[in-house]
Amino acid sequence: MSQAVNAGFPILTATAAVPAIGAILTAAVPAARRTAAKWLALLVSLVTLVLAVVVLVDFEPGGDRYQFVESYSWIKDFGVRYELGVDGIGVALIALTALLIPFIILAGWHDADPLETKSSRWRPTQGFFALILMVEAMVILSFEATDVFLFYILFEAMLIPMYFLIGGFGDRAHAGSDENAAAQRSYAAVKFLLYNLVGGLIMLAAVIGLYVVAGNFSLTEIAEARASGQLEMATNTERLLFLGFFFAFAVKAPLWPLHTWLPNAMGEATAPVAVLITAVVDKVGTFAMLRFCLQLFPEASKWATPVIIALALVSIVYGALLAVGQRDIKRLVAYASISHFGFIIMGIFAMTSQGQSGATLYMVNHGISTAALMLVAGFLISRRGSRLIADYGGVQKVAPVLAGTFLIGGLATLSLPGLAPFVSEFLVLVGTFARYPVAGIIATTGIVLAALYTLVLYQRTMTGPVVTEEVRTMPDLRVRELVVVAPLIALLIFLGVFPKPLTDIVNPAVSHTMSDVQQKDPQPEVEAAK
């Protein structure tokens with residue numbers, strides 16, 4: 001497994017250090033300078049985006065598997081190293097994270113402004129944007145970490161800022177009418193934390209077990225030793241270690257039946273934080289399945305595949321069915337995301353190049369499409385002050401641009417041909433059908449249900465007569481909101497008609513992963529001509 005150590009500028013460290021330092025500086029802005037804190041956070045996110053673009057442009061898809069490698073001794077007695085490196089999958093997800101954070105900051109520009117009833121000493125604005133930047137730093141570094149212990153630290157540490165973002169800066173849509181709003185936010189934040197902490201603790205036991213077996217935490221060294229036969233694991237040991245890692249990743253993803261924290265967290269968080277959860281943080285779980293589960297435990301991954309495919313199918317159908325029955329806009333998007341993560345996990349464990357390429361593309365495209373839909377939904381909810389679908393109707397008559405962008409985001413969610421998610425969903429289904437045709441057929445029901453919940457949502461909120469005064473006086477999208485939504489929609493269209501720049505980066509990394517599990521794509525059965 002080749003990798004080249006970068007002796008020059010530590011660009012990977014910089015992509016994480018800039019938002020981390022920016023978070024500290026943003027939190028230190030004086031209480032009276034809330035606007036300055038917002039602009040500082042936005043500037044830091046844009047600098048991070050520039051660094052991510054540099055990594056994306058300089059990455060060589062046909063080069064070494066891990067590039068821009070940095071490796072330094074950290075805890076020498078235990079063999080822990082500060083070791084970073086990125087493959088094509090990591091580069092794509094770093095670019096996605098760095099791209100979405102500026103839009104999340106812009107969309108949440110006023111979400112943390114103090115309420116009139118709060119003390120002037122309370123400084124929520126600085127903390128809100130500082131926490132977003134801290135999450136960005138940890139997520140980016142988790143996509144870069146090739147030391148298992150370092151990854152585990154980041155995997156757990158990102159829960160802390162996310163807990164405060166959910167519980168301390170929750171959705172204000174029902175704050176004026178629901179006395180239990182604060183309690184609901186607290187419940188959602190605690191549930192998020194407990195679910196992910198339990199997964200993390202189980203993973204910690206597996207990390208310790210891996211160290212006992214391998215003698216170090218280096219992903220590349222362990223994988224090389226396994227591939228060359230220098231490190232052999234007993235079958236039961238490998239399976240137990242795999243289950244420890246996979247359980248934590250399945251909670252983060254989230255995979256049914258470990259998904260129940262997500263609708264609560266997304267429902268009670270502000271729309272930008274909801275995007276941060278499902279479009280950014282949750283991708284760490286599915287990414288880690290590709291990087292750690294398949295690479296470290298190839299035989300156990302193949303052993304567990306039938307069960308994981310079955311769980312993914314349940315997630316696809318179950319999440320879509322519950323989305324159809326939702327009355328809350330944000331919870332509908334949350335259940336739709338559970339269905340989409342089922343597609344991603346199914347593509348990963350289909351063990352085909354089409355399935356894994358599609359799963360990686362799905363991670364990127366789902367992030368963009370969910371951000372577009374949820375952020376527009378957030379703008380809609382902030383105008384009406386309600387998350388309930390029944391409180392809307394006729395929005396397209398008074399706010400046509402808002403309704404149009406909402407429609408495009410919804411069409412992307414149902415994977416309409418010509419928009420980016422279609423390419424990834426098609427590849428996942430093709431790759432799954434090639435090895436598991438029954439699973440591929442069942443998964444297509446998720447497409448039908450996605451069309452149902454998306455179009456019904458649009459019909460109930462945007463069409464028909466204007467029945468309430470709150471909707472009648474609703475303003476259309478403002479300049480700041482257009483700046484948030486327009487680039488996301490443009491990117492959905494561009495990657496929908498021309499996904500090649502992304503597939504060129506991802507496909508070589510997928511080939512390496514297929515080699516790790518010693519799998520080849522099934523050959524189509526062609527009946528010989530008589």
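None of the values given here were measured: they were computed from a predicted structure. When reading the values below, keep in mind they use all heavy atoms of this one structure, side chains included, and skip hydrogens, waters and symmetry mates.
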Asp64 side chain vs Tyr66 backbone, donor-acceptor pair below 3.5 Å: no
Check: Ser315 side chain, Gly342 main-chain N or O, donor-acceptor pair, under 3.5 Å: no
Distance in Å, Leu165 CG paired with Ile160 CD1, rounded so as to fall on 0.5 Å steps: 12.0 Å
Interatomic spacing from CD1 in Ile89 to CD1 in Ile505 - rounded to 0.5 Å: 12.0 Å
Stepwise side chain to side chain contact (heavy atoms under 4.5 Å, CB included) test for Phe103 and Val275: CA-CA 10 Å; Phe103 297 127; Val275 171; over 6 Å; no
Residue pair Ser142, Phe155: steps toward the side chain to side chain contact (heavy atoms under 4.5 Å, CB included) verdict: CA-CA 7 Å; Ser142 69; Phe155 188 82; over 6 Å; no
Salt bridge (Lys or Arg N to Asp or Glu O under 4.0 Å) partners for Asp87, two or more places apart: Arg291
Donor-acceptor contact below 3.5 Å, side chain Ser369 vs main chain His366: yes
pair Phe433-Ile441: side-chain heavy atoms closer than 4.5 Å: yes
Step-by-step side chain to side chain donor-acceptor pair (under 3.5 Å) determination, Tyr362 to Thr286: CA-CA 10 Å; Tyr362 215 131; Thr286 47; over 6 Å; no
Nearest-0.5 Å distance that lies between atom CG in Leu276 and atom OG1 in Thr97: 9.0 Å
Partners passing ring-ring contact (aromatic ring centres under 6.0 Å, His included) against Tyr152 (at least two apart in sequence or in another chain): none
Exam field: side chain Arg435 to backbone Met351, donor-acceptor pair closer than 3.5 Å: yes
Side chains of Phe68 and Leu84 in contact at under 4.5 Å (non-hydrogen atoms): no
Salt bridge flag under 4.0 Å for residues Arg226 and Glu238: yes
side-chain contact (heavy atoms from CB on, under 4.5 Å) involving Val198 - partner list, sequence neighbours excluded: Ile202, Phe247
Nearest heavy atoms of Ala248 and Gly200, plus distance in Å: CB-N, 4.3 Å
Distance-minimising heavy-atom pair for Val428 and Gly355: CG2-O, 3.9 Å
Side-chain touch Asn507/Ser353, heavy atoms, less than 4.5 angstrom: no
Closest contact, heavy atoms only, Ile316 versus Ser339: O-OG, 2.8 Å
Donor-acceptor pair, side chain of Thr513 and main chain of Ala509, under 3.5 angstrom: yes
Check: Leu255 and Phe246 side chains under 4.5 Å, non-hydrogen atoms: yes
Backbone of Leu429 reached by a side-chain donor or acceptor of Thr432 within 3.5 Å: no
Check: Thr13/Glu70 side-chain N/O donor and acceptor closer than 3.5 Å: yes
Side chain Ser357, main chain Gln354, donor-acceptor under 3.5 Å: no
Given Leu210, Val213, Val212, the one that forms side chain to side chain contact (heavy atoms under 4.5 Å, CB included) with Thr237: Val213
Leu204 side chain reached by Glu156 side chain, heavy atoms, under 4.5 Å: no
Salt bridge (Lys or Arg N to Asp or Glu O under 4.0 Å) partners for Glu299, two or more places apart: Lys302
Residue pair Asn196 / Met162, side-chain heavy-atom distance below 4.5 Å: no
Sub-6.0 Å ring centroid separation between Tyr318 and His259: yes
Distance-minimising heavy-atom pair for Ala92 and Leu502: CB-CD1, 4.0 Å
For Thr370 against Thr278, the heavy-atom pair lying closest together: CG2-CG2, 3.5 Å
Main-chain N/O of Ser301 paired to Thr305 side chain as donor or acceptor, under 3.5 Å: yes
Heavy-atom side-chain proximity of Val456 to Gln326 below 4.5 angstrom: no
Side-chain donor or acceptor of Gln356 paired with backbone N/O of Ile348 under 3.5 Å: yes
Value rounded to 0.5 Å, distance of CG in Leu141 from CG in Leu150: 5.5 Å
Check against side chain to side chain contact (heavy atoms under 4.5 Å, CB included), Thr220 and Arg65: CA-CA 10 Å; Thr220 54; Arg65 179 172 187 176; over 6 Å; no
Under 3.5 Å donor-acceptor, Trp261 side chain and Leu194 backbone: no
Side chain to side chain contact (heavy atoms under 4.5 Å, CB included) between Lys252 and Tyr195, intermediate numbers included: CA-CA 9 Å; Lys252 183 85 79 179; Tyr195 267 68; over 6 Å; no
CZ-OG1 distance between Phe292 and Thr146, expressed to the nearest 0.5 angstrom: 8.0 Å
Val423 side chain reached by Leu495 side chain, heavy atoms, under 4.5 Å: no
Name of the residue among Trp74, Tyr211, Phe151 meeting ring-ring contact (aromatic ring centres under 6.0 Å, His included) with Phe217: Tyr211
Candidate pair Glu83 and Ser218, rule side chain to side chain donor-acceptor pair (under 3.5 Å), full reasoning: CA-CA 8 Å; Glu83 192 171 86; Ser218 173; 3.0 Å; yes
Residue pairs, two or more places apart or on separate chains, that pass salt bridge (charged side-chain N to carboxylate O under 4.0 Å, His left out) and touch residues 485-505: Lys500-Asp504
Contact list for residues 409-418, test side-chain hydrogen bond (donor to acceptor under 3.5 Å, both in side chains), sequence neighbours left out: Ser415-Glu425
Interatomic distance, Ile277 atom CD1 to Met266 atom CE [nearest 0.5 angstrom]: 6.5 Å
